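Computed from heavy atoms alone, side chains included, the values below leave out hydrogens, waters and symmetry copies. Note that this is a predicted model, so its numbers are computed, not measured. Just so we're on the same page: letters track the sequence lines, and every chain starts at 1.
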2 protein chains.
Amino acid sequence: MGMDGSGEKKIVKRRPADRVLQRDPERTRAAILEAATKEFSENGMGGARVDAIAERAGTNKRMLYHYFGDKEQLYLHVLEEAYVGIRTAERELHIGDRSPEEGIAELALFTWRYFLKHPEFLSLLGTENLHRARWLRQSVRLKELHSHLIVELTQVLDRGKQAGVFIDTADPLNVYLTIASLGYFYISNQYTLSTIFGRELTEKTNLDAWERHIVHVTLASIKT
Amino acid sequence: MGMDGSGEKKIVKRRPADRVLQRDPERTRAAILEAATKEFSENGMGGARVDAIAERAGTNKRMLYHYFGDKEQLYLHVLEEAYVGIRTAERELHIGDRSPEEGIAELALFTWRYFLKHPEFLSLLGTENLHRARWLRQSVRLKELHSHLIVELTQVLDRGKQAGVFIDTADPLNVYLTIASLGYFYISNQYTLSTIFGRELTEKTNLDAWERHIVHVTLASIKT
DNA sequence: CCGGCCAGTAACTAAACGGTTACTTGATGA
DNA sequence: TCATCAAGTAACCGTTTAGTTACTGGCCGG
């Protein structure tokens, strides 16, 4: 909070509390991006409405086009921001700090909890895949934003193999995809699943049970 | 083929080969449904275009509204048809015929291969979940079309537990969701995954490897 | 203190969209 | 054989949509 540009000089800017809605490019830009994230994740690319985004952001279409060019570029920014979000969070994670088994469990827990906390990210992934990664593929920003997890995961698995606790055939990408699969499907398909099986999957007890299940399955699939 | 209504009576209908495109309500209806399945699975509910469906079906909008009411009802028919498709295929499956382990493996293989063969079903599931199962929930037809697999799966698991090959905590729904997760995620997210990991997931060798992986993971998670 | 630039507004436009109307064509049974 | 009704066509309609234009107002450097 309280960012006031490059170095506070002469006078402190007076900004009366009763008129917060003065000019503020960064605030407006951020508001549009947040509103767009909601709109796109709730309605997909085809269902999202530019007018709705402007209204949700408390501004108007002109600003949206001013800052982001057009609907597609705005969507791309939203998608990029979402990827940056999970990659940033991943950086806090150090799965090599403890035992290999604990490391894998930690990765599974992190992924599951991140998905659970950010359903809009899963929704955007779904939209992007519906369109065959049309925008992701043309994103220069995301091309240089790889997940470093595969590297770390490879090391953890190798340590586990040498210690004799993991099977030799355990593959890093497979482990990562397994964890992601179990988390993604449960959350993104909760509505059809709950309807068909007549069981509320988002109840606390069920969520906790699935969390334990993911860790169990992942470890069971690679343990000797 | 060769369905000619209720009982062939007096004369065989002459239908000259050089004028196939005569009146044929069933053909037109089916063509619209097929075209709609493609359009909805490729573009989602919001992105699908009624004009595009009519054109793909080789007919016009009037017929579409004639047979299905409006866009939403047409979408519901498409969704229902897709569910009927997988449920019908499931009926061929008898996972209790052999050993418990083979039964589970068979279920995993069936699910994976069905998903692989019918990506449009996965896409429709994605669209439906984006909209929080809005249409699925209001479908009377699908309410009485449960998967019988959970029942059969319960029996197979019980037999395995009694034989001492499966752990006592193995839960039918969890097993089913595990299998579905691993298949669904790999296929529906292939585009973003391939882009990010720089590896073509749909290459034959990778598909085969993942098929084996699903069976391995599923069994490893429930074996004693 | 003021000129130019940028944040912000609102009304507008052309095209696309879902859905309808007015009409034609062809099969069928009394 | 012809009245009837369903199948099928095409042009049309009102609304919504992404994107634009013409304008207002605040702020900062010279």
Fill in the blank from the handout: Hits for ring-ring contact (aromatic ring centres under 6.0 Å, His included) against B/Phe115, two or more places apart or cross-chain, chain-then-number order -> none
Does [N] have OP1 or OP2 under 4.0 Å away from a side-chain N or O of [X]?
{"X": "B/Tyr65", "N": "C/dT21", "value": "no"}
{"X": "A/Arg49", "N": "D/dA18", "value": "yes"}
{"X": "B/His66", "N": "D/dA7", "value": "yes"}

Figure out the [atom1]/[atom2] separation between [X] and [N], and round it to whole Å.
{"X": "A/Arg29", "N": "C/dG8", "atom1": "CZ", "atom2": "P", "result": "12 Å"}
{"X": "A/Glu55", "N": "D/dA18", "atom1": "CD", "atom2": "P", "result": "13 Å"}
{"X": "B/Leu64", "N": "D/dA7", "atom1": "CG", "atom2": "P", "result": "14 Å"}
{"X": "B/Asp51", "N": "C/dG18", "atom1": "CG", "atom2": "C1'", "result": "8 Å"}

Fill in the blank from the handout: Per-nucleotide protein contact along nucleotides 9-14 of chain C, 5' to 3', at a 4.0 Å heavy-atom cut-off (B base, S sugar-phosphate only, - neither), is BB----
Handout entry: Close side-chain approach of A/Trp210 and A/Leu201, heavy atoms under 4.5 Å
Key =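 Heavy-atom side-chain distance check fails, nothing below 4.5 Å.
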Handout entry: Student check: side-chain heavy atoms of A/Glu39 and A/Arg49 closer than 4.5 Å
Key = yes
Practice task
Indicate whether any N or O donor in one side chain lies under 3.5 Å from an N or O acceptor in the other, for B/Ser139 and B/Glu80.
Solution key: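 Judged by distance alone, the side chains do pair up.
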Problem - Donor + acceptor pair across side chains of A/Glu128, A/Tyr75 (<3.5 Å) - result: yes
Handout entry: Contact list for DNA chain D against residues 36-48 of chain A - heavy-atom distance below 4.0 Å
Key =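 A/Ala48 - these, ordered by number, are the residues of the stretch whose heavy atoms sit under 4.0 Å from the strand.
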Practice task
Determine the sole option in B/Leu182, B/Leu177, B/Val175 for which the side chain to side chain contact (heavy atoms under 4.5 Å, CB included) test with B/Ile179 is passed.
Solution key: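 That would be B/Val175.
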Please set out all donor-acceptor pairs under 3.5 angstrom arising from side-chain atoms of residues 211-218 of chain A, sequence neighbours excluded.
{"from": "A/Glu211", "atom 1": "OE1", "to": "A/Trp112", "atom 2": "NE1", "distance (Å)": "3.3"}
{"from": "A/Glu211", "atom 1": "OE1", "to": "A/Arg113", "atom 2": "NE", "distance (Å)": "3.1"}
{"from": "A/Glu211", "atom 1": "OE2", "to": "A/Arg113", "atom 2": "NH2", "distance (Å)": "2.8"}
{"from": "A/His213", "atom 1": "NE2", "to": "B/Thr178", "atom 2": "OG1", "distance (Å)": "2.7"}
{"from": "A/His216", "atom 1": "NE2", "to": "B/Ser221", "atom 2": "O", "distance (Å)": "2.8"}
{"from": "A/Thr218", "atom 1": "OG1", "to": "A/Ile214", "atom 2": "O", "distance (Å)": "2.7"}

Exercise for the section: Please check if atom CZ in B/Arg29 has more than 12 non-hydrogen atoms from other residues, nucleotides or ligands closer than 6.0 Å. Expected result: yes
Exercise for the section: Strictly below 4.0 Å, heavy-atom distances to any atom of DNA chain C: list the hits from residues 69-82 of chain A, or just say none. Expected result: none
Problem - Strand contacts (DNA chain C) in residues 126-134 of chain B, 4.0 angstrom heavy-atom criterion - result: none
Before accepting this row, confirm whether a basic side-chain N of the pair [X]/[Y] lies closer than 4.0 Å to the acidic partner's carboxylate O.
{"X": "A/Arg134", "Y": "A/Glu72", "result": "yes"}
{"X": "A/Arg141", "Y": "A/Glu81", "result": "yes"}
{"X": "B/Arg87", "Y": "B/Glu90", "result": "yes"}

Exercise for the section: Could you tell me whether the side chain of A/Ser41 and the main chain of A/Thr37 form a donor-acceptor pair under 3.5 Å? Expected result: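 Yes, A/Ser41 side chain to A/Thr37 backbone: donor-acceptor pair under 3.5 Å.
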Exercise for the section: Might you point out which heavy atoms bring A/Thr195 and B/Arg137 nearest each other, and give the distance in Å? Expected result: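 In this case the closest contact between A/Thr195 and B/Arg137 is OG1-CG, 3.6 Å.
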